[in-house]
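Note that the coordinates shown come from a computational prediction; the quantities given were computed from them, not determined experimentally. Reckoned from all heavy atoms, side chains included, excluding hydrogens, waters and symmetry mates.
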Amino acid sequence: MKKLTVGIPREIMPGEGRVAILPGSLLNFLPRGVREINWLVEEGVGRESGFSNEDWTRCGAEIVSRYGVFARADLIIKVKQPFPEEASFLCSGQGVACFHHVNANQEVVKGLLKKKVSILPFECYPPAIRAMSQLAGERVRVVLDKFCDSSWRREKIFFGGARGTVCQTAIHHLWNTVGNPERQFWAFDLTGGWFDSVFGRRYFTFPTTDEIKLMAAIAECKVFVLAAITKQGAPKFLKPHHLDLMPDGAFVLQISIDEGGNIDDPDFCQTTYWSDPTYYVRRVTKEIQVCNLPNLPGCINPSQSSVALDRALRPYFIELLRTWPRVPRKYIFRGF
């Protein structure tokens, strides 16, 4: 079988310190003799997660320049989607495995497809999504404690995407630590009815299409945790006229922002970073504080997140490395 060259470039999104593969995993993906892999790692990869260049070289990787990673690798493995400057390095026959967020990044994805670059979204492998979603859900309370007025514990909370892993985890932790009975939050999802979470919590979810309940909940809640995502991206079920119902001083935490967010208003969809984690959206009579979680590594520890991602993706990478370039069709994005 042909030798495979795999490249791991440094993440260029500000504050992104995760890696999809830990240095120690490089030696353990495939049994000796199955396939020879040449690992190329850009200088500084994983530094925010606690890894040095020596950690990578000790496990058999070669430290190369950024250009060297993209020019020599058959397969690129990273965390965040390729940005335009990265996409310009890629060419026909190469593959990129990462969180592509294809629906929110259609222009770059279409360009890569046109160049015949294989798009391999981690989103096609559910354990990766669950691992990151659970971590995000665990940090909801931390974010609220840090950026929201302490009185949030007495406020009613709006959960959008309440049947997803993020909200299930957040509701579970809030229930344990704050003592929130069901009457202190509204739960919305695409599907309505009673729901039994994986944590043994049972609560009622209203469908986002129920306009009367939706408007009543928005007017009553002071905290909004939005994490609804479908295969077509993040559904924008909160419209401009809904925002007029939000009370002054409301706090909006969007975890679905990588897929475009759940609010149909560009003012609420700005990128936030740990250096500037929140911003205010001002309307005529009110001020709403917004925090968009995924790009806040200070809230999701990059080392902890890298370990969880490595563990979740290991079976996926084993299959990918064994079969490249003829990887299973279920892992390849074919087009919109």
Side-chain angles (χ1 to χ4, degrees), residues 1-13 16-83 85-100 112 115 117-122 124-125 127-128 131-132 302-328 331-332:
M1 184 177 286
K2 181 178 179 288
K3 183 176 181 178
L4 175 64
T5 299
V6 181
I8 305 176
R10 183 174 46 82
E11 299 295 329
I12 63 173
M13 174 173 277
E16 178 57 75
R18 293 176 294 174
V19 290
I21 297 175
L22 304 184
S25 295
L26 302 188
L27 300 173
N28 300 319
F29 277 126
L30 299 178
R32 188 172 294 180
V34 171
R35 186 168 203 174
E36 187 178 357
I37 298 176
N38 180 34
W39 294 95
L40 304 178
V41 174
E42 183 181 354
E43 192 279 331
V45 166
R47 188 171 291 151
E48 296 86 349
S49 290
F51 304 118
S52 65
N53 290 340
E54 290 71 27
D55 291 325
W56 294 102
T57 56
R58 194 162 43 243
C59 295
E62 177 187 352
I63 305 297
V64 299
S65 68
R66 183 166 191 75
Y67 175 77
V69 170
F70 283 94
R72 294 170 54 188
D74 303 304
L75 177 64
I76 298 290
I77 293 176
K78 61 197 306 291
V79 177
K80 299 301 290 185
Q81 71 274 15
F83 289 83
E85 55 266 48
E86 296 174 304
S88 67
F89 292 143
L90 294 162
C91 60
S92 176
Q94 290 182 300
V96 184
C98 64
F99 286 112
H100 277 279
L112 292 176
K115 291 203 290 186
V117 173
S118 293
I119 307 295
L120 303 160
F122 291 164
C124 292
Y125 187 68
M132 294 300 97
S303 177
Q304 177 190 15
S305 187
S306 293
V307 170
L309 198 53
D310 173 276
R311 184 180 298 123
L313 285 167
R314 189 164 300 181
Y316 168 82
F317 284 138
I318 289 174
E319 192 168 8
L320 202 64
L321 297 174
R322 280 181 184 273
T323 59
W324 178 264
R326 295 180 177 84
V327 301
Y331 297 142
I332 302 176

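- Side-chain atoms of D55 come within 3.5 Å of backbone N or O of S52 as a donor-acceptor pair.
- In Y67, the OH atom is not crowded: 12 or fewer heavy atoms of neighbouring residues, nucleotides or ligands sit closer than 6.0 Å.
- The closest side-chain heavy-atom distance from D74 to P325 is not below 4.5 Å.
- In this structure, L26 CG and R58 CZ are separated by 12.0 Å, a value rounded to the nearest 0.5 Å.
- With contacts defined as side-chain heavy-atom distances shorter than 4.5 Å, the pair E16/P302 does not qualify.
- Ring-plane geometry between F29 and F317 is classed as perpendicular, the angle between the planes exceeding 60 degrees on a 0 to 90 degree scale with a lower cut at 30.
- Contact annotation: the side chain of S25 approaches that of R314 to within less than 4.5 Å [non-hydrogen atoms, C-beta and beyond].
- Relative ring orientation between F89 and F70 is described as tilted, the plane-to-plane angle lying within the 30° to 60° band.
- V79 places none of its side-chain heavy atoms less than 4.5 Å from the side chain of F122.
- Using a 4.5 Å cut-off on side-chain heavy atoms (C-beta onward), V19 and W56 make contact.
- Looking only at distances, a side-chain donor or acceptor of K115 sits under 3.5 Å from a matching main-chain atom of L90.
- To the nearest 0.5 Å, atom CG of residue D310 and atom CZ of residue R18 are 13.0 Å apart.
- Interatomic distance, L112 CG to S118 OG, rounded to the nearest 0.5 Å: 10.0 Å.
- A distance of 11.5 Å separates CD1 in I21 from CG in N28, rounded to the nearest 0.5 Å.
- The one candidate from E42, E43, E85 that meets the side chain to side chain contact (heavy atoms under 4.5 Å, CB included) condition with R66 is E42.
- Y331 is listed as a side-chain neighbour of E319, based on a closest heavy-atom distance under 4.5 Å.
- Between E11 and K78 there is a salt bridge, since a side-chain N of the basic residue sits under 4.0 Å from a carboxylate O of the acidic one.
- The residues E86 and K80 are annotated as not salt-bridged, no charged nitrogen and carboxylate oxygen being separated by less than 4.0 angstrom.
- Among L40, L321, V69, the one residue that satisfies the side chain to side chain contact (heavy atoms under 4.5 Å, CB included) test with V6 is L321.
- Between L75 and L120, the closest side-chain pair of non-hydrogen atoms falls below 4.5 Å.
- Residues A312 and P127 share a closest heavy-atom pair of CB-O, 3.6 Å.
- Here the side chains of F99 and L309 are in contact, with some heavy-atom distance below 4.5 Å.
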